[in-house]
Protein chains: 2
Amino acid sequence: MRLAKVACADCPIRHRAVCAEADADDLAVLESIKSYVSVPKGGSIVAAGDAFDHVSSVVAGCATMSRTLEDGRRQMVGLLLPSDFIGRPGRARSSFDIEAVSDVTLCRFERPAFEKIVRSSPNVAQRLLTMTLDELEIARDWSVLLGRMTARERVAKFLLSLVRREASAEGQEITDGPVVLHLPLSREAIADYLGLTIETTSRQFSALRREGLIETPSARQVVVPDVAQLTLEVLDDDGGPIA
Amino acid sequence: MRLAKVACADCPIRHRAVCAEADADDLAVLESIKSYVSVPKGGSIVAAGDAFDHVSSVVAGCATMSRTLEDGRRQMVGLLLPSDFIGRPGRARSSFDIEAVSDVTLCRFERPAFEKIVRSSPNVAQRLLTMTLDELEIARDWSVLLGRMTARERVAKFLLSLVRREASAEGQEITDGPVVLHLPLSREAIADYLGLTIETTSRQFSALRREGLIETPSARQVVVPDVAQLTLEVLDDDGGPIA
DNA sequence: GACCAGCCTTGACCTGCATCAAGGACGGAG
DNA sequence: CTCCGTCCTTGATGCAGGTCAAGGCTGGTC
């Protein structure tokens with residue numbers, strides 16, 4: 001679905017997305033070729049193997065990037081929140097499924113046009129490189145979780161990554177005081193993200209609740225009364241990259 | 001240890017490394033600031049938390065990128081072979097340990113000087129972006145292995161990734177006929193790469209050997225008589241990115 | 001050419017998470 | 001308000017892979 005354009009100057013992700021470093025000239029070009037698209041909750045943005053005709057930035061909502069094996073096993077490899085970039089300049093096909101888990105608004109560019117901008121604007125190219133390097137760091141950090149952490153550590157680290165992500169989106173300090181989180185994902189999606197089953201994930205939420213490390217007023221809401229204490233559950237928590 | 005410089009024109013990784021797309025001018029600058037460094041087997045290239053004073057390309061040998069948790073659990077997040085890039089322009093510190101697992105030769109640049117080239121040469125910047133995007137794809141692909149695959153599938157996929165990597169380094173087709181592999185890693189390092197224990201890894205090698213899917217003339221050598229058959233052991237093997 | 005240290009393999013046993021199986025809670029539709 | 005579908009939780013049981021323990025191999029050294 002097409003939406004009315006919002007001026008880049010009024011865009012909520014103007015200073016965090018791939019356009020963050022764009023100068024006035026870059027922005028004029030981007031503005032002329034962008035279009036807003038909305039994808040309803042549950043909708044597909046691209047399927048694994050599909051052509052990447054467009055690249056886009058997430059403006060609002062939440063999407064997931066995952067792969068499903070033939071026998072149904074599924075692993076999420078990325079959580080896409082506002083300002084995250086979707087698509088791969090220079091590659092025609094996605095090797096992962098990208099799906100909206102809430103209603104999503106995308107700021108979209110045709111791939112060839114965007115690639116041209118990357119070639120002509122060092123600001124955009126540099127920003128894209130920085131974002132890609134950040135993503136790489138996040139992916140590698142997550143590999144440590146998937147390869148070596150216990151179920152309890154995974155859930156704790158997931159919650160902490162949301163705490164950090166929310167803080168950074170709002171440009172706030174990370175406080176140790178109570179933090180209220182809205183979970184963008186169902187238990188099943190969280191399990192896919194953490195390389196666990198839904199049952200194990202649910203049991204870990206329950207265990208953390210019993211021990212007072214979190215409160216869960218509703219299934220999609222989590223209160224972390226003491227962030228520092230939850231951090232103690234994750235060995236190695238270096239305050240790693242913001243996933 | 002410093003080594004004599006080799007002219008870029010004679011460099012074995014000239015057309016695969018970060019300098020692959022460099023034009024004559026770029027190359028002249030790179031040549032003037034590069035130096036060769038050799039790191040002995042077992043030596044550290046950078047430790048997690050250390051400053052990245054240099055960035056480099058692996059010219060020869062094999063290195064690993066990994067993180068060790070406080071209690072000794074260890075996860076490898078990348079295998080670095082000739083032409084791979086080490087370091088992160090724009091970031092001062094490494095969050096992983098990088099270690100030589102064989103004698104390694106690096107083509108090294110001081111980070112600020114290299115960053116300057118990235119800013120001034122679109123060819124180098126573009127190549128770096130492409131390489132980083134490839135790394136990201138590999139890291140995400142590996143996440144699927146770490147999160148969802150069985151021990152047997154992990155070992156099979158590891159062997160297949162080496163088959164592909166060797167073929168691509170030599171610009172050959174991937175044949176289905178017998179392939180002889182030299183394992184660059186010890187069983188322990190393989191286990192760390194695959195998110196398994198050394199015992200489980202060893203048992204899977206033995207099981208594949210019993211079933212005739214591989215032969216192991218020595219611990220560091222593996223013969224794959226039929227690549228296609230080994231591929232059948234890995235559900236989803238899309239011929240994924242070359243790790 | 002015998003010794004030694006560092007790998008590698010194999011066996012026995014254990015445990016954390018998966019699987020299988022029931023409910024329970026909650027929110028949207030009528 | 002009540003019904004129903006979806007999502008979530010909890011319990012019982014099983015098993016893949018981890019852990020603990022013992023050799024075996026091999027290649028480098030003197």
Side-chain angles (χ1 to χ4, degrees), chain A residues 40-42 64 69 71-75 101-103 145-159 181-211 214-222 233 235, chain B residues 40-42 64 69 71-75 101-103 145-159 181-211 214-222 233 235:
Chain A
K41 180 171 176 165
T64 63
L69 306 186
D71 63 358
R73 283 176 287 174
R74 186 182 162 97
Q75 178 63 49
V101 291
S102 69
D103 291 344
L145 178 149
L146 293 174
R148 295 299 184 196
M149 292 193 176
T150 63
R152 182 185 177 92
E153 290 170 318
R154 294 182 200 209
V155 170
K157 184 141 180 161
F158 168 68
L159 293 173
L181 292 173
H182 172 78
L183 300 184
L185 302 175
S186 67
R187 291 289 184 278
E188 183 168 29
I190 295 171
D192 288 340
Y193 196 22
L194 299 178
L196 299 171
T197 58
I198 182 173
E199 294 94 331
T200 297
T201 305
S202 178
R203 278 187 252 270
Q204 296 303 328
F205 270 93
S206 300
L208 293 175
R209 174 159 27 78
R210 269 199 307 278
E211 297 169 33
I214 61 172
E215 290 152 32
T216 53
S218 78
R220 290 289 187 118
Q221 270 186 314
V222 174
E233 293 299 319
L235 212 78
Chain B
K41 180 172 175 165
T64 61
L69 306 186
D71 62 357
R73 282 177 288 175
R74 187 182 161 98
Q75 178 63 49
V101 291
S102 69
D103 291 344
L145 178 149
L146 293 174
R148 294 299 184 196
M149 292 193 176
T150 64
R152 181 185 179 90
E153 290 171 316
R154 293 182 200 208
V155 169
K157 185 141 180 164
F158 168 68
L159 292 173
L181 292 173
H182 172 78
L183 300 184
L185 303 176
S186 68
R187 292 288 183 277
E188 182 167 30
I190 295 171
D192 287 341
Y193 196 20
L194 299 178
L196 299 172
T197 59
I198 183 172
E199 294 95 331
T200 298
T201 305
S202 178
R203 279 188 251 270
Q204 296 303 328
F205 270 92
S206 299
L208 293 175
R209 175 159 25 79
R210 270 198 306 278
E211 297 169 33
I214 61 172
E215 290 151 33
T216 53
S218 79
R220 289 290 187 118
Q221 270 186 312
V222 175
E233 294 300 319
L235 242 167

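Just so you know, these numbers come straight off a predicted model, no measurement behind them. The sequence lines fix the lettering, A, B, ..., with proteins before strands; numbering per chain opens at 1.
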Novice: Return the 5'-most residue of the pair A:Phe205, B:Gln204 with respect to DNA chain D, ranking by each residue's nearest nucleotide.
Specialist: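 Looking at the nearest nucleotide for each, A:Phe205 comes out on the 5' side.
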Novice: Walk along DNA chain C from 5' to 3' and tell me the first and last nucleotide with an atom closer than 4.0 Å to a non-hydrogen atom of chain B.
Specialist: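 Listed 5' to 3', the contact boundaries are C:dC8 to C:dA12.
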Novice: Want to settle it: does A:Thr197 or B:Ala219 sit nearer the 5' end of DNA chain C, counting the closest nucleotide to each?
Specialist: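 Result of the comparison: B:Ala219.
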Novice: Quick one: salt bridge (charged side-chain N to carboxylate O under 4.0 Å, His left out) partners of B:Arg74, sequence neighbours excluded?
Specialist: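 Partners of B:Arg74 by the salt bridge (charged side-chain N to carboxylate O under 4.0 Å, His left out) criterion, ordered by chain and then number, come out as B:Glu99, B:Asp192.
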Novice: Check DNA chain D against residues 145-155 of chain B and give the residues with a non-hydrogen atom under 4.0 Å, in numerical order.
Specialist: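 The stretch gives B:Thr150, B:Ala151 as the residues lying under 4.0 Å from the strand, ordered by number.
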Novice: So which heavy atom on B:Tyr193 is nearest to which on B:Leu146, and how close?
Specialist: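 B:Tyr193 and B:Leu146 have their closest heavy atoms at O-CD2, 3.8 Å.
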Novice: For a 4.0 angstrom threshold against heavy atoms of chain B, report the outermost contacting nucleotides of DNA chain D in 5' to 3' order.
Specialist: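 Contact span on the strand: D:dG17 to D:dC20.
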Novice: Check side-chain hydrogen bond (donor to acceptor under 3.5 Å, both in side chains) between A:Ser102 and all other residues, then give those that pass, not counting sequence neighbours.
Specialist: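 Checked A:Ser102 against side-chain hydrogen bond (donor to acceptor under 3.5 Å, both in side chains); zero matches.
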Novice: Under the rule for salt bridge (charged side-chain N to carboxylate O under 4.0 Å, His left out), what residues qualify as partners of B:Glu199, not counting sequence neighbours?
Specialist: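 In terms of salt bridge (charged side-chain N to carboxylate O under 4.0 Å, His left out), with neighbours along the sequence ignored, B:Glu199 is linked to no residue.
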Novice: The criterion is side-chain contact (heavy atoms from CB on, under 4.5 Å); which residues satisfy it with B:Val222, sequence neighbours excluded?
Specialist: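 Checked B:Val222 against side-chain contact (heavy atoms from CB on, under 4.5 Å); matches are B:Leu159, B:Leu181, B:Leu183, B:Phe205, B:Ile214, B:Thr216, B:Val224.
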Novice: Name the residue closer to the 5' end of DNA chain C, choosing between B:Arg187 and A:Thr201 according to the nucleotide with the nearest heavy atom.
Specialist: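 The 5'-side residue here is B:Arg187.
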Novice: Please list, chain by chain and in numerical order, all residues satisfying side-chain hydrogen bond (donor to acceptor under 3.5 Å, both in side chains) with B:Arg220, sequence neighbours excluded.
Specialist: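 Listed in chain order: nothing, the list is empty.
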Novice: Does any N or O in the side chain of B:Asp103 come within less than 3.5 Å of the main-chain N or O of B:Lys41, such that one atom is a donor and the other an acceptor?
Specialist: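 The answer is yes, because a donor-acceptor pair under 3.5 Å joins these two groups.
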Novice: Kindly say whether B:Ser202 contributes a backbone atom to a donor-acceptor pair with the side chain of B:Ser206 at under 3.5 angstrom?
Specialist: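 Flag set: sc B:Ser206 to bb B:Ser202 pair under 3.5 Å.
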Novice: Considering every strand and a 4.0 Å limit on heavy-atom distances, what is the contact class for A:Ser186: base, sugar-phosphate, or nothing?
Specialist: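 Since only primed, P, OP1 and OP2 atoms lie under 4.0 Å of A:Ser186, the category is sugar-phosphate.
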Novice: Need the bend value for the helix from C:dG1-D:dC30 to C:dG30-D:dC1: angle between end axes, 5 pairs each end, nearest 10°.
Specialist: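 Overall, the helix from C:dG1-D:dC30 to C:dG30-D:dC1 bends by 40° from one end axis to the other.
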Novice: Using side-chain hydrogen bond (donor to acceptor under 3.5 Å, both in side chains) as the criterion, list what pairs up with B:Thr200, not counting sequence neighbours.
Specialist: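 For B:Thr200 the side-chain hydrogen bond (donor to acceptor under 3.5 Å, both in side chains) partners, ignoring immediate neighbours, are B:Thr197.
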Novice: Measure the spacing between CG of B:Leu196 and CZ of A:Arg148 and express it to the nearest 0.5 Å.
Specialist: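 The CG atom of B:Leu196 sits 7.0 Å away from the CZ atom of A:Arg148.
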Novice: Where do A:Met149 and A:Arg154 come nearest, in terms of heavy atoms and distance?
Specialist: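 Result for this residue pair: O-NE, 2.9 Å.
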Novice: Can you list the residues that meet the salt bridge (charged side-chain N to carboxylate O under 4.0 Å, His left out) rule with A:Arg209, with sequence neighbours excluded?
Specialist: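 For A:Arg209, no residue satisfies salt bridge (charged side-chain N to carboxylate O under 4.0 Å, His left out) once neighbours in sequence are set aside.
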Novice: Mind checking side-chain hydrogen bond (donor to acceptor under 3.5 Å, both in side chains) for A:Thr150 and listing every partner two or more places apart, or none if nothing turns up?
Specialist: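 Once residues adjacent in sequence are excluded, the partners of A:Thr150 under the side-chain hydrogen bond (donor to acceptor under 3.5 Å, both in side chains) criterion are A:Glu153.
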